[in-house]
Amino acid sequence: MSQTLPSGSLSGRTALVTGSSRGIGADTVRYFAEAGAHVVINFRNKAPRAEKLATQLRELGVEALVVGADLTDPESVRAMFDEVQRTFGGLDILVLNASGGMESGMAEDYALLLNRDAQVNVLETALPLLKDDARVVFVTSHQAHFIRSTPTMPEYEPVALSKRAGEDALREKIPALEERGIGFTVVSGDMIEGTITATLLERANPGAISARREDAGKLYNVSEFAAEVAQAAVDPVPADHTRLVGDTASFGDE
């Protein structure tokens, strides 16, 4: 993995990334640690992976707190932030990365519960810990961000609609965040090679990834996209609070 943020640029800061035991979340939290930030690794059911990542990051000389939490359970979320407060006292960066909805065996409303309701609750629960110059980043996909104007694969549509609902609900919080000097940025990416979502989509719709790669010319991999997410937490907040990563020519207006 290449360095994205200058070494030491986040020294003394603390960052929490939801869903960071693997994939984009894990690479994002690694970038923060490489830049000197103390980090909180959140997982739902991948404790060994989270602990292994924490051990690696501690070798960089930073603190790494591992906290399991089911983001759809408000009590679990409260317990997570209580532990963060006890350990670090506050947060400088919150990355809302965890999402889902394509898992089998979940309730019909699970995608909306996780991708909208839980995202808002995590932010609201984190607010007392967020410092007045903190940054919040919400991670989404072009397939969700542009769902109102550009149809997506039927297999992904419920997830896309729920993630767009989550984005909209979070954007409603921007004025209140700005009053405290807290920056908010949505990072939207095209399909990302190597993610669980891409794998599930390919399984449900064989050829979907290669077709999208051909249309876009290039698809970002997990590490490349995570670098953009990490950078969004330190770059100036865009006027429209949106950082688009990858090709958007195939998509209509938001």
Side-chain angles (χ1 to χ4, degrees), residues 4-6 9-20 24-25 28-29 31-32 35-40 42 69 71 74 77-78 80-82 84-85 88-99 112 114-142 144-149 161-189 225-245 248 251 253-254:
T4 174
L5 306 173
S9 62
L10 292 178
S11 292
R13 304 287 186 91
T14 302
L16 185 155
V17 181
T18 62
S20 48
I24 293 165
T28 301
V29 92
Y31 283 130
F32 289 147
H38 302 309
V39 295
V40 183
N42 159 251
L71 301 188
V77 171
R78 273 194 295 273
M80 174 175 70
F81 284 113
D82 285 347
V84 172
Q85 186 165 31
F88 297 117
L91 275 177
D92 298 280
I93 296 170
L94 172 64
V95 177
L96 301 169
N97 165 73
S99 66
L112 204 57
L114 175 59
N115 297 329
R116 182 192 65 188
D117 301 347
Q119 305 300 318
V120 172
N121 180 61
V122 169
L123 176 58
E124 290 179 342
T125 309
L127 275 177
L129 278 74
L130 291 175
K131 298 176 183 177
D132 286 349
D133 60 349
R135 299 292 295 275
V136 177
V137 176
F138 175 66
V139 181
T140 189
S141 65
H142 290 352
H145 182 68
F146 293 100
I147 187 62
R148 293 194 184 115
S149 64
L161 288 169
S162 66
K163 283 188 70 66
R164 182 66 220 204
E167 177 182 338
D168 292 342
L170 290 167
R171 284 182 182 273
E172 291 178 5
K173 306 292 183 183
I174 290 174
L177 294 173
E178 288 182 332
E179 282 184 12
R180 286 186 47 192
I182 298 172
F184 176 84
T185 301
V186 172
V187 180
S188 176
F225 184 64
E228 295 284 343
V229 174
Q231 198 66 46
V234 299
D235 282 353
V237 176
D240 62 354
H241 299 272
T242 309
R243 185 184 186 104
L244 299 174
V245 180
T248 58
F251 298 90
D253 297 331
E254 293 179 25

Residues which pass side chain to side chain contact (heavy atoms under 4.5 Å, CB included) with [X], listed by chain and number, not counting sequence neighbours:
X: Val234; value: Leu5, Leu10, Gln231
X: Asn121; value: Pro74, Val77, Thr125
X: Asp82; value: Arg86
X: Ala144; value: Thr140, Ser141, Ala160, Lys163

Rounded at 0.5 Å granularity, tell me how far [atom1] in [X] sits from [atom2] in [Y].
X: Phe225; Y: Thr28; atom1: CZ; atom2: OG1; result: 8.0 Å
X: Asn115; Y: Leu96; atom1: CG; atom2: CG; result: 11.5 Å
X: Leu127; Y: Leu94; atom1: CG; atom2: CG; result: 9.0 Å
X: Phe138; Y: Ser99; atom1: CZ; atom2: OG; result: 7.5 Å

Treating [X] as the side-chain partner and [Y] as the backbone partner, does any N or O pair qualify as donor plus acceptor under 3.5 Å?
X: Asn42; Y: Ser20; result: no
X: His241; Y: Phe184; result: yes
X: Gln85; Y: Met80; result: no

Side chain to side chain donor-acceptor pair (under 3.5 Å) against [X], all qualifying residues, sequence neighbours excluded:
X: Asp168; answer: Arg148, Arg164
X: Arg243; answer: Glu228, Asp235
X: Glu124; answer: Lys173
X: Arg171; answer: Glu167, Thr242

Can you name the nearest heavy-atom pair linking [X] to [Y], along with the distance?
X: Ser9; Y: Pro6; result: OG-O, 2.7 Å
X: Ala98; Y: Thr18; result: N-OG1, 2.9 Å
X: Ala118; Y: Leu71; result: CB-O, 3.2 Å

> Quick one: which of Asn97, Val139, Val229 gives a side chain to side chain contact (heavy atoms under 4.5 Å, CB included) with Val17?
Replying inline: Asn97
> Out of Val237, Leu130, Ile182, which one pairs with Arg135 under the side chain to side chain contact (heavy atoms under 4.5 Å, CB included) rule?
Replying inline: Val237
> Within a strict 4.5 Å, meaning less than it, do heavy atoms of the Phe32 and Val95 side chains meet?
Replying inline: yes
> Given side chains that start at C-beta, do those of Ile93 and Leu16 come closer than 4.5 Å, heavy atoms only?
Replying inline: no
> Does Phe146 have any ring pair (Phe, Tyr, Trp, His ring centres under 6.0 Å) partners at least two apart in sequence or in another chain, and if so, which?
Replying inline: His142, Phe251
> What's the verdict on side-chain contact (heavy atoms from CB on, under 4.5 Å) for Phe88 and Val40, showing C-alpha distance, side-chain angles and the deciding distance?
Replying inline: CA-CA 10 Å; Phe88 297 117; Val40 183; 3.7 Å; yes
Tell me, please, which residues at least two apart from [X] pass salt bridge (charged side-chain N to carboxylate O under 4.0 Å, His left out).
X: Asp240; value: none
X: Asp92; value: Lys131
X: Glu178; value: none

